[in-house]
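Just follow the structure's listing: the first ligand is 1, and inside any ligand the first atom is 1. Remember, it's a predicted structure, so these values are computed and weren't measured experimentally.
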Amino acid sequence: MQFRNTKLNYNKIYDIFISHLHGDHCFGLIGLISSMGMLGRTAPLTIHAHQALEGLLKPQLAFFCKGLPYEIRFLSFNPAVSEVIYEDRSIQVTTLPLKHRMPTAGFLFREQARDRHILKDMIDFYKIPLRCIRSIKAGEDFTTDEGEIIRNDRLTLPATPSKSYAYCSDTAYYENLIPLIEGVDVLFHEATFSDSELARAKSTMHSTAAQAASIAKQAHVKKLIIGHYSARYINENELLNEAKLVFQNTILADEGMSVEI
Ligand SMILES: [Zn+2]
Ligand SMILES: [Zn+2]
């Protein structure tokens, strides 16, 4: 239902990444899968998750989604290691092992490296043939017919940096995460509790807002989004303020909001 409220197009979803098998992270799947079927989807849908999900979801699919007009594919990953689990021409997805009450992984979504910007004047000046443009954009030098080597940095400007987004939920404060998310553009980190519930955060393997901010600060991320608040907080500004004391560029996640990366 929330998906439909956002007016995003269901049919553009080909892959779904599930961090762990607590209900608040996967109860919605069967409804989403069923709705997509009712709306006439035909393209396959791949679900990336811990291997146990397949065994849990298949009986539900068999019971509730007979005659589903599209195929569901399950691809499992090992939440204990960081590895590339998805890749296409434009994006790469890497798992981020987290520390929670069950095997859990976050996900790093990173654009593939972009081409360097070629300088048109230099192409004309050196009369560079079309067949060499691709390799120059990829960073290679150019050799003229006379055998002179023109260094790539004379021919191009650096590529626009690729953008990155890390999703980390659910997790206790976990410093092993820091090197894996170094410098990302946007970090979503759970902040279930405020400072006053530090002990509870520890026992339930969740994070406080200040702990999320500390991870953001140590990893030099550009922007932090906190979310996954405990229902006890009517006003989440308490969490926002605690996070901002540690990492200024923090915002509160809200369902349906969109964030420019
Ligand atoms: Zn959980
Ligand atoms: Zn959760």
Side-chain angles (χ1 to χ4, degrees), residues 1-3 5-6 13 15-33 47-57 60 74-82 85 93-109 165-178 180-181 184 186-216 221 224-236 238-240 242-243 250-257 259:
M1 287 173 70
Q2 288 292 12
F3 225 105
N5 289 342
T6 63
I13 305 172
D15 293 82
I16 296 180
F17 299 85
I18 300 293
S19 62
H20 66 301
L21 304 184
H22 276 151
D24 55 324
H25 295 258
C26 57
F27 280 172
L29 263 179
I30 191 71
L32 182 65
I33 289 168
I47 299 174
H48 305 257
H50 186 277
Q51 60 164 36
L53 183 68
E54 184 170 357
L56 293 168
L57 210 57
Q60 293 186 51
F74 291 92
L75 275 185
S76 65
F77 58 80
N78 174 3
V81 296
S82 176
I85 56 165
V93 183
T94 308
T95 44
L96 305 168
L98 299 175
K99 185 178 172 185
H100 195 43
R101 302 195 306 277
M102 64 158 62
T104 303
F107 304 102
L108 173 63
F109 300 85
Y165 166 62
Y167 170 89
C168 300
S169 189
D170 300 349
T171 186
Y173 177 74
Y174 190 45
E175 290 183 347
N176 290 7
L177 182 57
I178 295 166
L180 300 177
I181 56 169
V184 297
V186 177
L187 167 64
F188 175 92
H189 195 292
E190 72 132 281
T192 308
F193 296 109
S194 70
D195 280 343
S196 59
E197 300 278 357
L198 186 62
R200 192 163 165 75
K202 197 169 179 186
S203 67
T204 57
M205 293 194 158
H206 284 295
S207 299
T208 65
Q211 286 174 333
S214 172
I215 295 292
V221 311
L224 170 65
I225 304 174
I226 53 171
H228 196 274
Y229 326 112
S230 161
R232 74 189 59 201
Y233 302 104
I234 307 298
N235 181 351
E236 289 117 10
E238 179 185 348
L239 299 167
L240 181 63
E242 288 177 4
T250 303
I251 60 171
L252 290 171
D254 196 8
E255 268 186 89
M257 80 191 284
V259 178

Enquirer: Checking one value in my table: which N/O/S atom of H228 lies closest to the Zn ion (ligand 2)?
Expert: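 Relative to the Zn ion (ligand 2), the closest nitrogen, oxygen or sulfur of H228 carries the name NE2.
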Enquirer: Should the heavy atoms of other residues, nucleotides or ligands under 6.0 Å from CD of Q60 be counted, would the total exceed 12?
Expert: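 Yes, CD of Q60 has more than 12 neighbouring heavy atoms, counting only those of other groups under 6.0 Å.
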Enquirer: Scan L180, V93, L187, V184 and name whichever one has a side-chain contact (heavy atoms from CB on, under 4.5 Å) with L108.
Expert: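 Exactly one candidate clears the test, V184.
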Enquirer: Using a cut-off of 2.8 Å, how many protein N, O or S atoms sit around the Zn ion (ligand 1)?
Expert: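 Step by step: take the Zn ion (ligand 1), keep protein N, O, S below 2.8 Å, and you get 4.
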Enquirer: For F109 and F17, I'd like to know if the aromatic rings sit close, meaning centre-to-centre distance below 6.0 Å.
Expert: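 They qualify: ring centres under 6.0 Å apart.
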Enquirer: Using only atom types and a distance under 3.5 Å, with no angle test, would you say the side chain of T95 pairs donor to acceptor with the backbone of N78?
Expert: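 No, because the side chain of T95 does not come within donor-acceptor range (under 3.5 Å) of the backbone of N78.
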Enquirer: What I want to check is whether the side chains of T171 and H100 have a donor and an acceptor closer together than 3.5 Å.
Expert: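 No.
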Enquirer: Below 4.5 Å, heavy atoms only, C-beta onward: do D170 and S19 meet side chain to side chain?
Expert: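 No - every pair of side-chain heavy atoms lies 4.5 Å or more apart.
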